[in-house]
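Every chain is numbered from 1, with letters handed out A, B, ... down the list of sequences.
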Amino acid sequence: MKAEGACMSQGEPVAGGGPAAAGAGLKALPRDFYGREVNLVARELVGCRLMHEGVGGVIVETEAYNRNDPACHAHRGMTERNRVMFGPPGRAYVYFSYGMHHLLNIVCEREGEPAAVLIRALEPREGIERMRSRRAPVVELRQLANGPGKLCQALGIDLARNGEPVYRGPLKIYPPDSEWQGTGIVATPRIGISVGTRRKWRYCAAGSRFLSRKA
DNA sequence: CCTGCGATTTGCT
DNA sequence: GCAAATCGCAGGC
């Protein structure tokens with residue numbers, strides 16, 4: 001909500017934004033939106049719209065990770081894989097997991113302080129047929145992007161996006177549209193990790209049917 | 001509905 | 001050598 005005020009300026013349509021941008025507000029969230037405490041950003045990203053080359057939807061589930069957290073890739077210092085997490089905020093940290101899935105994070109906090117928000121699930125809104133063809137044979141709307149690996153597959157996100165800014169670039173995030181104002185957020189333990197499970201750093205849109213798992 | 005397991009590659013112990 | 005921020009399928013209840 002704070003971020004919204006920061007980018008409410010009006011003007012001509014964003015170049016290359018197309019119908020996607022029109023549906024979610026004209027301007028992408030600014031770089032400074034991400035340069036804040038990672039749990040705050042994770043919570044506020046729920047309800048925002050994620051777009052990649054004309055395909056995307058509303059973020060309904062996120063998780064926060066930071067340096068002090070044993071489940072975080074950066075907990076034990078910098079490696080070739082997690083290097084982007086140590087860089088400036090507002091960039092995509094994409095990595096390859098289980099030998100077959102890509103997972104998308106957005107880098108947060110100040111440069112040098114590794115932290116990121118994992119984008120876990122999306123309510124599909126645009127480019128649905130392209131999502132279906134990438135996710136084939138899956139056809140059901142709720143199964144297209146209700147998980148971090150599925151989401152990257154549906155949107156065509158891979159290592160080529162690693163390190164790229166999401167405030168400008170093929171991957172973009174827009175503030176919530178008016179109908180999402182007031183949607184509740186539920187915090188729960190994170191999914192798929194074996195340490196740090198006591199933290200409730202997973203944020204879900206209350207009542208959404210597009211979550212990877214029920215909140 | 002729920003639980004368990006195999007796929008398949010990388011990164012780090 | 002093994003675990004991993006996952007997914008989809010098989011099998012049981």
>> Expected output check: what is the dot-bracket annotation of DNA chain C, where ( ) and [ ] are pairs inside the strand (brackets for crossing ones), | is paired with another strand, and pairs are Watson-Crick or G-U under 3.5 Å?
In response: ||||.|||||||.

> A:Arg135 side chain N/O closer than 4.0 Å to the phosphate oxygens (OP1, OP2) of C:dC7?
Replying inline: no

>> Quick one, A:Tyr167 with A:Ile173, criterion side chain to side chain contact (heavy atoms under 4.5 Å, CB included). Give me CA distance, side-chain angles, the key distance, then yes/no.
In response: CA-CA 7 Å; A:Tyr167 44 88; A:Ile173 304 181; over 6 Å; no

> Between C:dC7 atom C1' and A:Ile191 atom CD1, what is the distance in whole Å?
Replying inline: 13 Å

> Between atom CD in A:Glu140 and atom C1' in C:dC7, what is the gap in whole Å?
Replying inline: 15 Å

>> In whole Å, I'd like the distance from the CZ atom of A:Arg76 to the C1' atom of C:dA5.
In response: 16 Å

Distance-only criterion, 3.5 Å: show the donor-acceptor pairs between side-chain atoms of residues 186-194 of chain A and protein atoms not counting sequence neighbours.
from     : atom 1 : to       : atom 2 : distance (Å)
A:Thr188 : OG1    : A:Arg202 : NH1    : 3.1
A:Arg190 : NH1    : A:Ala64  : O      : 3.0
A:Arg190 : NH1    : A:Asp69  : OD2    : 2.5
A:Arg190 : NH2    : A:Asp69  : OD1    : 3.1
A:Arg190 : NH2    : A:Asp69  : OD2    : 3.4
A:Arg190 : NH2    : A:Gly196 : O      : 3.1

> Do A:Val94 and A:Leu103 have side-chain heavy atoms sitting under 4.5 Å apart?
Replying inline: no

>> Counting the atoms with a prime plus P, OP1 and OP2 as sugar-phosphate, which does A:Arg190 contact under 4.0 Å by heavy atoms, base, sugar-phosphate, or nothing?
In response: nothing

> A:Met85 has a side chain; which of C:dG8, C:dA5, C:dA4 sits nearest to it?
Replying inline: C:dA5

> Where the side chain of A:Leu118 is concerned, which of C:dG8, C:dA5, B:dT13 is the nearest nucleotide?
Replying inline: C:dA5

> To the nearest Å, how far apart are A:Leu159 CG and B:dG11 C1'?
Replying inline: 13 Å

> Between atom NE2 in A:His73 and atom P in C:dA3, what is the gap in whole Å?
Replying inline: 16 Å

>> side chain to side chain contact (heavy atoms under 4.5 Å, CB included), that's the test. Do A:Val41 and A:Phe33 meet it? Break it down for me.
In response: CA-CA 7 Å; A:Val41 179; A:Phe33 174 85; 3.7 Å; yes

> Relative to the 5' end of DNA chain C, which residue comes earlier, A:Lys150 or A:Ile193, by the nucleotide with the nearest heavy atom?
Replying inline: A:Ile193

>> If we count only N and O atoms by modelled type, under 3.5 Å, do the side chains of A:Ser208 and A:Glu123 hold a donor and an acceptor together?
In response: no

> Between B:dT9 atom C1' and A:Arg81 atom CZ, what is the distance in whole Å?
Replying inline: 11 Å

>> Within residues 88-104 of chain A, which residues have any heavy atom lying less than 4.0 Å from an atom of DNA chain B?
In response: A:Phe96, A:Tyr98, A:Gly99, A:Met100

>> Would a single hydrophobic cluster contain both A:Leu104 and A:Met85, if residues Ile, Leu, Val, Met, Phe, Trp and Tyr are joined by side-chain heavy-atom contacts under 4.5 Å?
In response: no

> Tell me: CD of A:Glu61 to C1' of C:dA5, nearest whole Å?
Replying inline: 11 Å

> Can you check the A:Gln143 CD to C:dC9 P distance for me, whole Å?
Replying inline: 10 Å

> Charged N to carboxylate O under 4.0 angstrom, A:Glu109 versus A:Arg67?
Replying inline: no

>> Both conditions, 6.0 Å and 45 degrees, for the charged tip of A:Arg91 above the ring of A:Tyr93: are they met here?
In response: no

> Testing A:Val58, A:Val55, A:Leu50 for side-chain contact (heavy atoms from CB on, under 4.5 Å) with A:Leu122, which one passes?
Replying inline: A:Leu50

>> What contact category does A:Ser212 fall into here, base, sugar-phosphate, or nothing, at under 4.0 angstrom with non-hydrogen atoms?
In response: nothing

